[in-house]
Each structure stands twice: as C-alpha cells, then as structure tokens.
Amino acid sequence: MPYRCVPTLIMANKYFKLRKLTLAQQIYFMRHAYPEFSYTLARNVAVWIGTLQPTAASNTYRFKVCYRPPHIPEIKVVSPDLLVHPDHVRLPHFYYSLGSLCLHNSDDWKSDLPIAYTIMQWISGWLYFYEVWLFTGAWIGGGTHPDAPQHRPA
C-alpha cells in the first residue's frame, strides 16, 4: 500500500473544541486519501468499497465501510471469506451480530475524526493481526478482552 499523507489535525483543548465532521467532509478525506475506492451516498449513509493488503506477503482484502453520522462506521470484509483458526470456534474482535470488525473501544473514535486517517489504518492493523492469528492461533493485537479463548495460542 502506498504511503498516505495524513493532514495535520488540530488537537482539542480547553480553549478549542473540535466539531463533528460532516458527511461531506468525511467523503472529501476518503476521496483524497483513497481515490481508488468507490463510494455511494444514499439517505445520509456513505458506503466505501475498496481493497487493502496489510503487508506485501498478505492477501488482498476487499471490504466496505458504511458510515451513518454520527455513529461508528461498520466495516465488513467482502472477500476473501474470513476463516477461523482450526483450534478456535470464533473470530477474535468480530461482531457476529453485525458481521463487522471490532477495531477499537467505543471511546477511541469520535465523529470529529476523519475515517480516512483513523479507521482505515485500524482496518489494516486488524487484518494483519488476523493473519498472524490464523497462522499461530494467538491474537497479538491486544484489545479489551485479551483473555478470551480465541486470543490464546493452541
């Protein structure tokens, strides 16, 4: 994956509060950082579809990001199908009810942050740790529930 230029973001403090980014601003940041992604916009929901390859030796994953402001974006891997390690019964850090990746704690991402420079990097990280987990059986990506059975080596 080519280097992505990350714009300087102003940090909030007691004198300056960040405002939530509009859907148009999120679309702008995504188009700037990932021009090869396709996107659709309907009824205040933006859906981006694209591919990422976490490392040069990794698979290429096709996924979609669905964002309905101000909710947390949902990320679904379209292809290839996510496999479960033979010694486990479930994927780690995955919302089975939504079919979506669990990328962060609920307070890590807010709608004042560009998806292009937060969520996209977290997707790539999740895919990398998923591939390591698939090979070793141990989730080394950390998270809030590292004691779950699917995070331990076989």
Contacts of type side chain to side chain contact (heavy atoms under 4.5 Å, CB included), residue L41, not counting sequence neighbours: L23, I27, Y39, A46
Residues that T55 engages under side chain to side chain contact (heavy atoms under 4.5 Å, CB included), provided they are two or more places apart: A57, S58, Y128
Check: F129 ring centroid to W133 ring centroid under 6.0 Å: no
Pair F63 and F37, ring centroids less than 6.0 Å apart: yes
Locate the shortest heavy-atom distance separating [X] from [Y]; write the atom from each residue and the value.
{"X": "T60", "Y": "P80", "value": "O-CD, 3.6 Å"}
{"X": "L103", "Y": "I119", "value": "CD1-CG2, 4.0 Å"}
{"X": "A116", "Y": "M120", "value": "O-CB, 3.6 Å"}

Return the [atom1] to [atom2] distance between [X] and [Y], rounded to the nearest 0.5 Å.
{"X": "T22", "Y": "Y28", "atom1": "OG1", "atom2": "OH", "answer": "12.5 Å"}
{"X": "H88", "Y": "L134", "atom1": "NE2", "atom2": "CG", "answer": "9.5 Å"}
{"X": "L127", "Y": "Q53", "atom1": "CG", "atom2": "CD", "answer": "10.5 Å"}
{"X": "I123", "Y": "I75", "atom1": "CD1", "atom2": "CD1", "answer": "4.5 Å"}

Working for side chain to side chain contact (heavy atoms under 4.5 Å, CB included), residues H104 and I72: CA-CA 10 Å; H104 54 87; I72 293 171; 3.7 Å; yes
Side chain to side chain donor-acceptor pair (under 3.5 Å) involving T40 - partner list, sequence neighbours excluded: none
Any pair counted as side chain to side chain donor-acceptor pair (under 3.5 Å), so long as it reaches residues 61-71, sequence neighbours left out: Y61-E131
Partner residues of F135 under the ring-ring contact (aromatic ring centres under 6.0 Å, His included) criterion, sequence neighbours left out: none
Ring pair (Phe, Tyr, Trp, His ring centres under 6.0 Å) partner of W139, chosen from W126, Y130, F94: W126
